[in-house]
Amino acid sequence: MASLQPVRGTRDLMADDVRRHRAVIEQARSVSALYGFDEIMTPIFEFTEVFSRTIGETSDIVSKEMYAFERSGDRLCLRPEGTAGVCRAFLSNGLVQQVPFRAFYAGPMFRYERPQKGRQRQFHQLGVELLGVDSPRADVEVLSLAAHILDLYGLKDRVRLEINTLGDTESRMAYRDALRSWLSRYRDDLSEESKIRLEKNPLRILDSKDEKDRALIADAPGMADYLNAASQHFFDAVQDGLSRHGIAFSVNQKLVRGLDYYCHTAFEFVTDDLGAQGTVLAGGRYDGLIETMGGPHVPGIGWAAGVERLAMMMADVPPRLRPLAVIPASPALEVDADQLVSRLRHAGFAVDMAFSGAMKKRMKRANAVHACAALLLGEDEQAQGGVTVRDLDTGGQELVPLASLEEALARFRSCHG
Ligand code: ATP
Ligand code: MG
């Protein structure tokens, strides 16, 4: 055993963590269903190519963050993000004719990066993809959905939406050339990584995390001056749509997404509450992705949110179901107690059961597990065909005939706290 600690960059989600984590996912899932996004689950590993081709070799993910391995000659990798897998599944399942295709997903992702607050090597994302719609109304729809979900989390005032456009291919190429020639003048000041990006994919430099790069970028030209009419029109339509939906946003001309396949709309919901890792939800349009995979031209747009980052922003742990505690007065009554426990669980009650110990110790445990009531089973009770039900919040108790026990316990059925 190398160590009793979890692997660096991974963590255990204990009971309260899981409750919070699940609440984040469940709320997103149910709002997404209102917009017609059904959940799909793709494997957590794929052929490495699914990611390397689509995400791009100069991306952080492909250049240094992949958990890749080989098995029986297949080059495989743990998924670093969800979009490529969803698009692969869309093609594998022959859904190209069935557009618009909407999918919701949630699950673990894996990236080999430096662990810090809000940044892990195994983390979780939830996200949506909308395939087959080239209208800016699709961009507005997925953004509305994101805003709706964040509202329901109660985060409306703690996040803000930043958007940008990367334009169509023509506009992006024009901007790329302009950016490259501007940045070339400062080549010596760029980080080593960005020097490489300068040749291969200068837009990626805008996404650099290096301090000096960031300072330089602040003065770099923005995308706006390089948009052709069609791209400008598209971006205007997205902004008009957001305004019509009452969704506040600001344009950040330096916002590009870390992945190669984006065009037109790029966006992030950011917060000041999480320190350096302030992006909680991010996405954009990726009209070329499915073709890159070898499929037909199918436009797409989607976003992914970091579940851990959202969970950190949710102060309250969703309450857990409080159990009933069944307590036999003596070892001789253990078997009857077991039967009672089983009967109540099958009737849908949560029931805690200590396997041994004197009554007093079991009462203590009932309080420790925050039981809502204790069911005391003694010789007297048994003689009368009943059980004593003690409400652990009020201290009040009564003898309840076994025949009508479920009715008498109705008020404890979905007791949370
Ligand atoms: P960053 O610039 O922070 O590295 P990214 O561009 O790599 O982000 P995306 O690929 O857009 O992130 O992922 C979408 C969301 O998933 C992020 O906004 C964040 O909330 C979450 N996320 C990404 N990487 C991690 C990680 N290593 N640990 C925890 N959450 C993450
Ligand atoms: Mg990253």
Side-chain angles (χ1 to χ4, degrees), residues 6-11 13 17 20-21 24-25 28 51 54-56 58-67 78-87 105-129 142-143 146 149-150 153 155 158-164 166 193-194 197 201 203-211 213-214 217 252 254-262 265-286 289 301-314:
V7 174
R8 184 166 142 81
T10 71
R11 56 184 277 246
L13 294 172
D17 306 319
R20 199 182 266 131
H21 197 96
V24 168
I25 294 172
F51 304 108
T54 57
I55 299 174
T58 53
S59 64
D60 283 351
I61 292 181
V62 174
S63 63
K64 55 191 182 197
E65 297 176 358
M66 303 259 266
Y67 278 94
L78 299 182
R79 64 181 185 194
E81 55 96 44
T83 305
V86 170
C87 291
Y105 65 85
M109 305 293 163
F110 306 84
R111 297 184 192 179
Y112 185 75
E113 46 186 337
R114 194 169 69 77
Q116 50 199 293
K117 186 184 171 213
R119 194 177 290 286
Q120 295 166 216
R121 291 179 173 174
Q122 174 175 336
F123 62 102
H124 297 76
Q125 283 184 340
L126 59 88
V128 301
E129 312 296 348
V142 299
L143 275 162
I149 292 170
L150 293 168
Y153 292 147
L155 298 180
R158 295 170 64 195
V159 297
R160 58 182 186 280
L161 170 60
E162 295 187 351
I163 64 169
N164 191 22
L166 303 171
E193 227 174 338
S194 289
R197 294 179 179 129
N201 190 349
L203 255 67
R204 185 65 36 76
I205 297 174
L206 298 180
D207 213 19
S208 171
K209 299 206 168 49
D210 182 274
E211 294 276 332
D213 285 355
R214 298 217 64 78
I217 292 157
N252 171 357
K254 302 293 161 55
L255 192 159
V256 294
R257 305 285 311 122
L259 316 180
D260 259 356
Y261 49 61
Y262 284 97
T265 320
F267 55 86
E268 292 189 351
F269 281 87
V270 295
T271 177
D272 297 325
D273 299 357
L274 291 178
Q277 282 17 279
T279 306
V280 293
L281 184 153
R285 179 168 275 280
Y286 49 83
L289 173 65
I301 178 150
W303 51 254
V307 176
E308 282 81 1
R309 293 187 194 177
L310 290 169
M312 275 193 283
M313 294 185 76
M314 285 180 49

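The chain is numbered in sequence order, starting from 1. Every number for a ligand or one of its atoms is a count from 1 in the order of the listing. Values in this document were obtained by computation on a predicted structure and should not be read as measured data.
Of all atoms in ligand 1, listed by their number and element, those nearer than 4.0 Å to a heavy atom of V280 are 20 (O). Taking every heavy atom of Q125 and a limit of under 4.0 angstrom, the matching atoms of ligand 1 come to 13 (O), 14 (C), 15 (C), 16 (O).
The closest approach between E81 and ligand 1 stays at or above 4.0 Å for every heavy atom of the residue. Assignment of R111 to the shell around ligand 1 is supported, since a heavy atom sits closer than 4.0 Å. At least one heavy atom of K209 sits less than 4.0 Å from an atom of ligand 1.
The existence of a salt bridge linking R197 and D60 is confirmed by a sub-4.0 Å separation between a basic side-chain nitrogen and an acidic carboxylate oxygen. The existence of a salt bridge linking E193 and K64 is confirmed by a sub-4.0 Å separation between a basic side-chain nitrogen and an acidic carboxylate oxygen.
Of the candidates R119, E268, Q277, the one placing a heavy atom closest to atom 1 (P) of ligand 1 is R119.
At a 3.5 angstrom cut-off on N or O pairs, A305 does not count as close to ligand 1. For ligand 1, the polar-atom distance check against E113 finds a nitrogen or oxygen pair separated by under 3.5 Å.
Here the side chain of R11 pairs no donor or acceptor atom with the backbone of Q120 at under 3.5 angstrom. No side-chain donor-acceptor contact under 3.5 Å links Y67 to the backbone of Y112. Distance alone, capped at 3.5 Å, places no donor-acceptor pair between the W303 side chain and the L281 backbone.
Q125 and E81 are not linked by any side-chain donor-acceptor pair at a separation below 3.5 angstrom, with hydrogens and angles left out of the test.
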